[in-house]
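Note sheet for the following structure.
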Amino acid sequence: MHPAAPHPTPAAPNAHAMPASDAASAGGPVHPAAAGQGPAAADRPAPAPGAPARPGAAPAGVQGTSVPAQPAAPAAPSGGVRLDRRASDEGCGGDDYTLQAPDPRVAAEPHAAVCVACRAGRVDDDGYCENCGHAQPRERDHMEQECGPVAAVSDRGLRHHRNEDAFAVGTTTLPDGSPVSVAVVCDGVSSATRPDEASLAASRAANASLLDALPRGTHPQQAMHEAILAASEAVNALADEQPAEAREHAPQQNAPACTIVGAVVTAGLLVVGWVGDSRVYWIPVDRSAPPARLTEDDSWAAQMVAAGLMGEAEAYADHRAHAITGWLGADAYELEPHTAAFKPDRPGVVVVCTDGLWNYAESADEMAEAMPADAAARPLHAARVLVGHALDGGGHDNVTVALAPFPAAPRGAGSA
């Protein structure tokens, strides 16, 4: 398949596009950034117990320009749309079996994992209880991490058999000593092979790239561009790991693939970058200005609207609306990372999420309504609330969200 080249990077409404070289001199309350840079190391996500749009108008305090990372490619045929974005919901079932009596010796083994269902059987290496056969929760079924002022939560959802989302968050300082926060969220393409590995590899590679480049003085927008390229290389490498014999016997299988979205938050600058349909939203703390969506989906519907071929309502009502036209993977037609820089004029919260969340809060206003008012002070709590909002709405997909308060706070800050 040959995805269509993504359309020019969008800006928040009321923004005025301009070349990167002109951005630094732009006036107004908010304009593309000119300089600033920083990260060191990110904590690895730790498992937590159990698990159970359209673009909005840009707020008066958030305007910016969207700067394409590279020259726009010529329009490609519509055959590049990936129509197999969604996998069918997977249920569970099977025959009933008589359980064997628990072996009392199991409890005596000090290092044996005990089944969460029968609380007596030992968990085998394959993740199933030897006594009742119950599948045990996997590490990625529900994950939470708090790194300084940044927090993220990821959940398998209620319909999928595994979590194919991944995230990475981190904090560090720029060369001038000012703080910077980083959040990366990736969504595996369910119809591809090993989508969970793709999202994990991409999120880790992008995060590591950002945390290496920013402290060295690389401009945040350039650092984001390079991070997406690093994530792409990491996903492409997964396809090379598959034995040639396996590729010959299953040529119809898609290469590992995922979407990516990220944010770099400094004391006065907000940079976003993405490929695919995961999103970034801006929510002002005092809600005195309207919230905004800062990314534009690489999707069939967005492409139709941008080309003037269909109205927004008609495009998003079509069954092809959420087919993605951009992704990371060896079978991607052409990679063109989108990046944009903004200078908000008031404190706010940056929401970085997969479609497992925004499907239940698509507009910026809906996202703001679902998010607790104290999200800037308690980002981990707010992330849990947003994931719960998606689960309460049906949880049809994996759900992942990372929250980063703006302006960036020192690394010691965190949720109460």
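Everything numeric in this text was worked out from a predicted model, so none of it was measured.
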Criterion ring pair (Phe, Tyr, Trp, His ring centres under 6.0 Å) on W274 and H225, from CA distance to verdict: CA-CA 9 Å; W274 74 98; H225 177 85; over 10 Å; no

Please walk me through it: do L391 and D155 pass side chain to side chain contact (heavy atoms under 4.5 Å, CB included)? CA-CA 9 Å; L391 297 180; D155 192 272; 3.8 Å; yes

Please determine whether side chain to side chain contact (heavy atoms under 4.5 Å, CB included) holds for the pair L294 and V350, giving the CA-CA distance in whole Å, both sets of side-chain angles, and the decisive distance to 0.1 Å. CA-CA 10 Å; L294 303 182; V350 181; 5.8 Å; no

Taking it one step at a time, do T339 and V272 satisfy side chain to side chain contact (heavy atoms under 4.5 Å, CB included)? CA-CA 6 Å; T339 63; V272 300; over 6 Å; no

R140 and S199: CA distance, side-chain angles, deciding distance, side chain to side chain donor-acceptor pair (under 3.5 Å) verdict: CA-CA 12 Å; R140 289 177 64 178; S199 62; 3.2 Å; yes

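The OH atom of Y128 lies 12.0 Å from the SG atom of C115; values are rounded to the nearest 0.5 Å. How far CG of L335 is from CD1 of I228: 7.5 Å, rounded to the nearest 0.5 Å. Separating the CG atom in N359 from the NE2 atom in H396 is a distance of 10.0 Å, to the nearest 0.5 Å.
When side chains are defined from C-beta on, C258 does not count as touching D187, because their heavy atoms never get closer than 4.5 Å. Put simply, the side chain of T259 does not reach to within 4.5 Å of the side chain of T354, judged on heavy atoms. Residues N254 and V189 have side chains not in contact (no heavy-atom distance under 4.5 Å, counting atoms from C-beta outward). Looking at C353 and M367, their side chains come closer than 4.5 Å, going by heavy atoms from C-beta outward. Residues L229 and P337 are in side-chain contact: their nearest non-hydrogen atoms beyond the backbone lie under 4.5 Å apart. Put simply, the side chain of V280 does not reach to within 4.5 Å of the side chain of V351, judged on heavy atoms. Between V180 and T173, every side-chain heavy-atom pair lies at or beyond the 4.5 Å cut-off. You'll find the side chain of T266 stays beyond 4.5 Å of the side chain of P407, heavy atoms only.
Residues satisfying the side chain to side chain contact (heavy atoms under 4.5 Å, CB included) test with A370, not counting sequence neighbours, are L386, H389. Scored by the salt bridge (Lys or Arg N to Asp or Glu O under 4.0 Å) test, D124 finds no partners at all (sequence neighbours excluded). Applying the side chain to side chain contact (heavy atoms under 4.5 Å, CB included) criterion to A315, with sequence neighbours excluded, gives A301, M304, V305, M310. Partners of E226 under the salt bridge (Lys or Arg N to Asp or Glu O under 4.0 Å) rule, at least two apart in sequence or in another chain, do not exist in this structure. Taking R162 as the reference, E164 meet the side-chain hydrogen bond (donor to acceptor under 3.5 Å, both in side chains) condition, with sequence neighbours excluded. Applying the side chain to side chain contact (heavy atoms under 4.5 Å, CB included) test to A152 and every residue at least two apart in sequence or in another chain returns F167, V169, A402. Under the side chain to side chain contact (heavy atoms under 4.5 Å, CB included) criterion, A408 pairs with P179, S181, V265, not counting sequence neighbours. Every side-chain hydrogen bond (donor to acceptor under 3.5 Å, both in side chains) that D374 has, sequence neighbours left out, goes to R378. T400 pairs by the side-chain hydrogen bond (donor to acceptor under 3.5 Å, both in side chains) definition with S154, D165, not counting sequence neighbours.
Under a 3.5 Å cut-off, the side chain of R293 and the backbone N or O of T295 do form a donor-acceptor pair. Listed for the R194 side chain is a donor-acceptor partner under 3.5 Å among the backbone atoms of L238. Distance alone, capped at 3.5 Å, is enough to place a donor-acceptor pair between the Y360 side chain and the G395 backbone. Not one N or O on the side chain of R156 forms a donor-acceptor pair closer than 3.5 Å with the backbone of D397. In terms of modelled atom types and a separation under 3.5 Å, the side chain of H322 and the main chain of S299 share no donor-acceptor contact.
Electrostatic pairing of D297 and R279 counts as a salt bridge here, judged by a charged N lying under 4.0 Å from a carboxylate O.
Donor-acceptor pairing under 3.5 Å is lacking for the side chains of E336 and H338. Under 3.5 Å, the side chains of S178 and D176 contain a donor-acceptor pair of N or O atoms.
Ring-centre distance between F342 and W282: not below the 6.0 Å cut-off.
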